[in-house]
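Single-structure report; data block below.
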Protein chains: 2
Amino acid sequence: MDNSETPTTPELPDSTEQRIFDAAHQVFVQKGLDGAKMQEIADHAGINKALLHYYFRTKEKLFEMVAKAVINRAFPAVQQLIEADMPLEQKIDRFVDFYIDLISRNPFVPLFIIGEINKHPDQFFEKIIPAAPPRPERFFRQVEEAVAEGRIRPISPRHLLVNVLSMCVFPIVARPMLRIVMGMSSQELNQFLKERKEEVKAFIFAALRP
Amino acid sequence: MDNSETPTTPELPDSTEQRIFDAAHQVFVQKGLDGAKMQEIADHAGINKALLHYYFRTKEKLFEMVAKAVINRAFPAVQQLIEADMPLEQKIDRFVDFYIDLISRNPFVPLFIIGEINKHPDQFFEKIIPAAPPRPERFFRQVEEAVAEGRIRPISPRHLLVNVLSMCVFPIVARPMLRIVMGMSSQELNQFLKERKEEVKAFIFAALRP
DNA sequence: GAAAAATTTAACCGGATGGTTAAACCCGTG
DNA sequence: CACGGGTTTAACCATCCGGTTAAATTTTTC
């Protein structure tokens, strides 16, 4: 199993508070708001319910903090790379590597974000939305330039970005479904996902040939 | 908003039982086992809790029936197309059209399947798994033949299938996330998803050029 | 119109769960 | 040692929720 990265809130690295928060992070991300139980979080942090409420007043508040931490870690990483000062080809190359690694380390995060937005749209769009969403305009311009120069086949920049994202994220997120659809063992799937980076890059660059 | 297709169990089309089942289908698929409340299902079906239990004994049983219906409708449709007797290029073409339509009509279904498997793996793999999972071997053979004939660039059949699936499914499932990442309004996103079929097909066939 | 089935009403039970409380305990620091 | 914050224990409350029940009411069917 992959370990989930536990985010660093501005706290002492190994304080009880941090351990509780990490436990909450893990449980919430895997089970969602409804599926997560406070007792389970306490158990997972190696403490008891009383202390849990001593540090974090309510489930709602704790969830809100976790959810904020999740998206405030997920989006800026993408943004940084997508805004970087780097040739398009290199940017795509690094993006695929980076993103597949990122999602592999946090396979439940995309599902968590999408699922919770679906289940509790109000709270999410009120409380959790990031202050600064990614701005892919620069990437779009780079694609348009490359098209204009004839370096790549004409293509909609938006669709290209979504294609890249899809091929990186979906197989990891949909892992249990792929096992069924493709009839692969867990072993085979691990091997398959390891090959992905190179396969995805090859596919993208093949599709971009003029 | 897209309407979700409500599956036809072998029941009278407009019976109370069917109305309840449809309501349960909708609520379960959107909110999952934990998030769905029996009262909500009853409300949604326009009846009361007592009658709900009169028709369907327990939440578990009802959920099991709904989950079975969901996957027994989702997978055979794919399988049929993927096993069809049809040239590879045409098969891909139709598959993209068909699959984007299917997911657009049931945007919550993939998330539901993946999420529930993650949250309750035991029950799912015991009770719900389809008797006959898709067998993509034929598709794989077609790809290998096309490669051997030089009709398409060399490519791993498995990765090709996953790429196609990813680009079809992910954007629809991740719609709320895309809104944030790409900074698009709901209107723009609708337009974007309409363009998808042609863009995805163009992308795939471009990537397959020898 | 009577019998049977469908549906409502309303109350209730029991367990799980979020949350509280008070007392005791542990443990490091001044 | 005494003080105080961290921590445990254990009991407890309120609420929600799945599920049941019994009777009344409506609708269907014969």
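- Per the geometry, CD belonging to B/E17 stands 15 Å off C1' belonging to C/dT7, to the nearest Å.
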Going 5' to 3' along nucleotides 9-30 of chain D, which nucleotides have protein heavy atoms under 4.0 Å from the base (write B), which only from the sugar-phosphate (write S), and which from neither (write -)?
B-------SBBBB---------

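- The list of side-chain hydrogen bond (donor to acceptor under 3.5 Å, both in side chains) pairs with a residue in residues 88-102 of chain A, not counting sequence neighbours, reads A/E89-A/R151, A/K91-A/Q142, A/D97-A/K201, A/D101-A/K197.
- With sequence neighbours left out, A/V164 forms a side chain to side chain contact (heavy atoms under 4.5 Å, CB included) with A/F95, A/V96, A/L160, A/C168, A/I204.
- Rounded to whole angstrom, the span from the NZ atom of A/K61 across to the P atom of C/dG19 amounts to 12 Å.
- For A/F170, there are no ring pair (Phe, Tyr, Trp, His ring centres under 6.0 Å) partners at least two apart in sequence or on another chain.
- The CD1-C1' distance, from A/I47 to C/dC25, rounds to 17 Å in whole Å.
- Within the 4.0 Å cut-off from OP1 or OP2 of C/dT7, at least one side-chain nitrogen or oxygen of B/Y55 is found.
- Taking the side chain to side chain contact (heavy atoms under 4.5 Å, CB included) definition, one finds that B/Q123 meets it with B/L33, B/H120, sequence neighbours left out.
- When only modelled atom types and interatomic distance are considered, B/D22 and B/Q26 share no side-chain donor-acceptor pair under 3.5 Å.
- With sequence neighbours left out, the side chain to side chain contact (heavy atoms under 4.5 Å, CB included) criterion links A/H159 to A/S156, B/F192, B/E195, B/R196, B/E199.
- Here the P atom of nucleotide C/dA23 and the OH atom of A/Y54 are 17 Å apart, to the nearest Å.
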